[in-house]
2 protein chains.
Amino acid sequence: MVASDLAKGNRLRVVKFFAYGWSSQRSYPAIRDQVIAALSEATHTGWEGLLAGQRAYLDRFWERADVELEGDTELQQAVRFGLFHTLQAGARAEQRAIPAKGLTGPGYDGHTFWDTERFVLPVLTYTEPDAARDALRWRHVTLELARERARQLGLEGAAFPWRTIRGQECSGYWPAGTAAFHIGADIADAVQRYYDTTSDDTFDREVGLELLVETARLWRSLGHHDPQGRFRIDGVTGPDEYSAVADNNVYTNLMAQRNLRAAADAVARHPRRAAELDADFEEAAAWRDAARDMVVPWDDALGVHPQSEGFTNHEVWDFENTRPDQYPLLLHFAYFDLYRKQVAKQADLVLALHARGDAFTHEEKVRDFEYYERLTVRDSSLSACTQAVLAAETGHLELAYDYFAEAAFMDLRDLEHNTRDGVHIASLAGAWLAAVAGFGGMRDYDGKLTFSPRLPARLTRLRFRLVFRGRCLRVDVTKKNATYALLEGEPLRIAHHGRALDLTTTDALTEEIPSLPERPRPSQPHGREPTRRAPNGS
Amino acid sequence: MVASDLAKGNRLRVVKFFAYGWSSQRSYPAIRDQVIAALSEATHTGWEGLLAGQRAYLDRFWERADVELEGDTELQQAVRFGLFHTLQAGARAEQRAIPAKGLTGPGYDGHTFWDTERFVLPVLTYTEPDAARDALRWRHVTLELARERARQLGLEGAAFPWRTIRGQECSGYWPAGTAAFHIGADIADAVQRYYDTTSDDTFDREVGLELLVETARLWRSLGHHDPQGRFRIDGVTGPDEYSAVADNNVYTNLMAQRNLRAAADAVARHPRRAAELDADFEEAAAWRDAARDMVVPWDDALGVHPQSEGFTNHEVWDFENTRPDQYPLLLHFAYFDLYRKQVAKQADLVLALHARGDAFTHEEKVRDFEYYERLTVRDSSLSACTQAVLAAETGHLELAYDYFAEAAFMDLRDLEHNTRDGVHIASLAGAWLAAVAGFGGMRDYDGKLTFSPRLPARLTRLRFRLVFRGRCLRVDVTKKNATYALLEGEPLRIAHHGRALDLTTTDALTEEIPSLPERPRPSQPHGREPTRRAPNGS
């Protein structure tokens, strides 16, 4: 209570300090002590001090993470809004899950999904790597539950949940939950990326190795060799939720392939620790064999990759006779019908083109992207950003820009009419991906940083930063040139449009951007074209 | 109340008459009147009169339907037990569904399934055809609900329920219920068989035509032509409940093929009535085209038919490490695991070998049967009878006998430990199929009756009767000969082991049974071999 007599014209300023503490492990008195300590520290530091601390923290973040656009003020704001929310969801998760909505609303009941590892952690890894590490440490803490789940399912290793709060599978519909085994490879991919980007050996030995080993074991037991010696992974569900329980999903198989190889490499780095996990070079060799023999279906007649085996033989969804008010399709059509036809809720094969772009030729990417554009209805917010990345890579820069805007404006414009339930953290993180991996053309296969930047008509400049193995790199792209500046750290080899560049902190290097004839814009399902973000004005 | 003074040694005999009436259509007073009339008729006729009437009815039935075995008294009893229960379930169904348990118990909550048309009606059609007709008239009465279901699913024609009491789909798990569209073709098959066997033109015009047309329309809208012009039916579930939602299930596609052709033929027979159903020759031509282009998957490397596309690429279930107490598998393993592996709960491809035997060469049947023997665990009672039929056809007579006994003893020996819930009508009907289609080698493709009889070691004689287009035919099989006698009716052409025979009521024809070298007995999954019914003694 505050009682005060104020003379006319006087001002009363009340500063109230709150502290918040939570732990799933420590005792209630310990948390209470922590909160009391935080409060007395706050009282001691005072409002201005706290403000300065927060400002310094954020200044440091933006210094290493900001993405700047010239030519589109609204989108600039949206990208920063997204990056801020990504940081906010991840920075203080304190080795707990990062939920799909962060802490911004009750959507999805606070559950976390694979999109954390697939969309959110790639951003945090390059902007706030400690947050990525903590999120993966949380997965590691849940390993025993994932091992138990694998045992329940008659499998080896660990089966991570598709939907969870504290580690158990919480999805009640197994064809879309349990069967979406790719979650394991998404976690392994995030582990590998974090290690490649930080060289954090402690993490690698204590956390990464075990996650890689247990996820690789799952793939080895889930798949099998056919009589021709090919390694097949049958009856699983890929990222696209309008398909389920299919054979040899390309995304799943290619991600499992990377997972198996990463695990074998980790065993080679830490043989003694691996021995404690009963993993040896024989087992690692079996992983490498499975990876080498992995089936990747191909439709020779169409010259494209089927999302899963047989997918391109299915009837194409009747988009012409689907009314706008019948989207999202899952609310108006039965799964029996969606599953058996060519229609994609979200990027699936196209996500493989990004995540495992090293496994495809450029010509395949061009053909595959155009093919799946016609089938992808984006009834999921986990699609536009990936379509932006591949549209940019395959020469559809204006289409890429439209998808970029869709990902970035998801919540500021409430595009799915549910932002009241919380923001779409993965879509907002996806806006960063659309900018950096899309127009910046950043890729990080096998721990090598490469760039193939190209700007759409509206942007006159894109400037972004990345942290990478103790360095800070700034990339500054205009219509004609890209300038690479190493702001901190040891020399670094990168590539610009396929050509190696050796960067030092002494000189920034400016390279010309090769021109690319723009292709005819691919078509999307009737009525599901992205909103055009006109070259000038919104 | 009865009060009576009895002297020592006198006997009191009380005769009490019950009457039972039921209708889903008539009013309560009308049913009451019917019951009162039945009671007064019973009082008038008296106990001995009713008994004589019932005996005359059953004598007439057994005269035309009995199956006699010499050499195995127990099995003789079991076959008659089965046939009696089949009659009992069907004869007084009065245009209502025949439930899976008849009226013998609460199992399956009184629901009816596809096994009525697949296993029960083929028996009734040749023994008590009016009962088959009434069961199909019941399906006809539910057509409007089946049309509504098809509309709900975005399909044309009629989608009959996989599980129902009065016509609505009552299965809560769509991959095993809704997606098991073969029910429509099973109904069409039963319609066609009833018509072929009775030449009942009234039924054909009033009931059969519409059932055939509406089921054909479903197939035409469920399937589609691929770019090569093949007609595919993707994402459906075949008879085997350990697989679901697969492409081009052989049983489904071949049964749909017959359904489409039968509908086109029916339109040609009744063009004016067809016009009232908006079916014309153009539509019929589209059905014939789809039937002609129907995809039937084939595994060239293995030289067998995959149950559905890709099935033979899947991992074979680990039978060696499955313990006896882990059967039935569905109670101990997850569907995700069962669906993705080569394991069959029940005959599926093998059921196609029987139901559409005209679509396979003998060599294909031999190879397919042996292949699926290794995979079929018979966790369903709807399997042994079909395996008996195909074992007999492919030269495994002793194995056929074991399966025959399993089907026939299902309830007398409570083989599935659930006879308390009611008898397995389809399995009991299946015992008739095992005898007549198995050892009698009876087939009825395209309305032609053919026989290829052959007896197993234990039986010295098999004698059975069939009613067929107003005729009654008796077939008497010994180890060396088969004797065909037309007991009533116009001359009839049949075939014995591929050779045409013209029968008249004047002379029975006796034909020699060609010898067949017995093949090595195929193997079944570890621990799931059928009980051997020894050549002498049980």
Side-chain angles (χ1 to χ4, degrees), chain A residues 149 152-155 159 169 173-181 221-228 230-237 242-248 295 297 299 301-302 308-318 321-322 326 329 332-342, chain B residues 149 152-155 159 169 173-181 221-228 230-237 242-248 295 297 299 301-302 308-318 321-322 326 329 332-342:
Chain A
R149 178 71 172 164
Q152 277 177 359
L153 298 173
L155 297 167
E169 177 62 72
Y173 179 57
W174 74 261
T178 300
F181 286 103
S221 69
L222 188 67
H224 77 287
H225 284 95
D226 70 10
Q228 287 72 46
R230 296 170 306 186
F231 192 77
R232 300 173 54 89
I233 303 176
D234 294 330
V236 304
T237 300
Y242 286 169
S243 295
V245 191
D247 296 343
N248 298 299
V295 166
D299 183 329
L302 292 174
S308 298
E309 223 163 53
F311 179 81
T312 46
N313 291 327
H314 292 176
E315 190 172 355
V316 173
W317 186 264
D318 185 3
N321 292 307
T322 306
Q326 290 178 307
L329 298 177
H332 301 92
F333 298 93
Y335 273 133
F336 111 86
D337 208 20
L338 293 164
Y339 285 177
R340 59 195 298 277
K341 290 186 179 159
Q342 290 193 63
Chain B
R149 178 70 173 166
Q152 276 176 2
L153 299 172
L155 297 167
E169 178 61 73
Y173 179 57
W174 74 261
T178 300
F181 286 103
S221 69
L222 188 67
H224 77 288
H225 284 95
D226 70 10
Q228 286 73 44
R230 294 169 308 185
F231 192 77
R232 298 173 55 88
I233 303 176
D234 294 329
V236 304
T237 299
Y242 286 169
S243 294
V245 192
D247 295 344
N248 299 299
V295 166
D299 183 326
L302 291 175
S308 298
E309 224 163 54
F311 180 81
T312 47
N313 292 326
H314 292 176
E315 189 173 355
V316 173
W317 186 266
D318 184 2
N321 293 306
T322 306
Q326 290 178 306
L329 299 176
H332 301 93
F333 298 93
Y335 274 133
F336 111 86
D337 207 20
L338 293 165
Y339 286 177
R340 59 196 298 278
K341 290 186 178 160
Q342 291 193 62

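Chain identifiers are assigned alphabetically (A, B, ...) following the order of the sequence lines, protein sequences preceding nucleic acid strands; residue numbering begins at 1 within each chain. Every heavy atom of this structure was used, including side-chain atoms; hydrogens, water molecules and symmetry mates were not.
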Quick one: sort the A:Trp174 and B:Tyr339 rings into parallel, tilted or perpendicular, breaks at 30° and 60°. tilted

Between B:Asp337 and chain A, with a heavy-atom cut-off of 4.5 Å, which part of the residue counts as in contact: side chain, backbone, both or neither? side chain

Nearest 0.5 Å, what's the NE2-CG distance between B:His224 and A:Asn313? 7.0 Å

Structural part of B:Phe333 lying under 4.5 Å from a heavy atom of chain A: neither

Please say which of B:Leu222, B:Val236, B:Thr237 ends up in a side chain to side chain contact (heavy atoms under 4.5 Å, CB included) with A:Phe336. B:Leu222

For B:Gln228 and A:Ala301 the tightest heavy-atom approach is NE2-CB, 4.3 Å

Which pair of heavy atoms, one from B:Gly223 and one from A:Glu315, lies closest together, and at what distance? O-OE1, 4.0 Å

Is any side-chain heavy atom of A:His314 less than 4.5 Å from a side-chain heavy atom of B:Asp247? yes

Count the heavy-atom pairs under 4.5 Å between each of B:Asp234, B:Leu155, B:Leu153, B:Val245 and chain A, then report the option with the highest count. B:Asp234

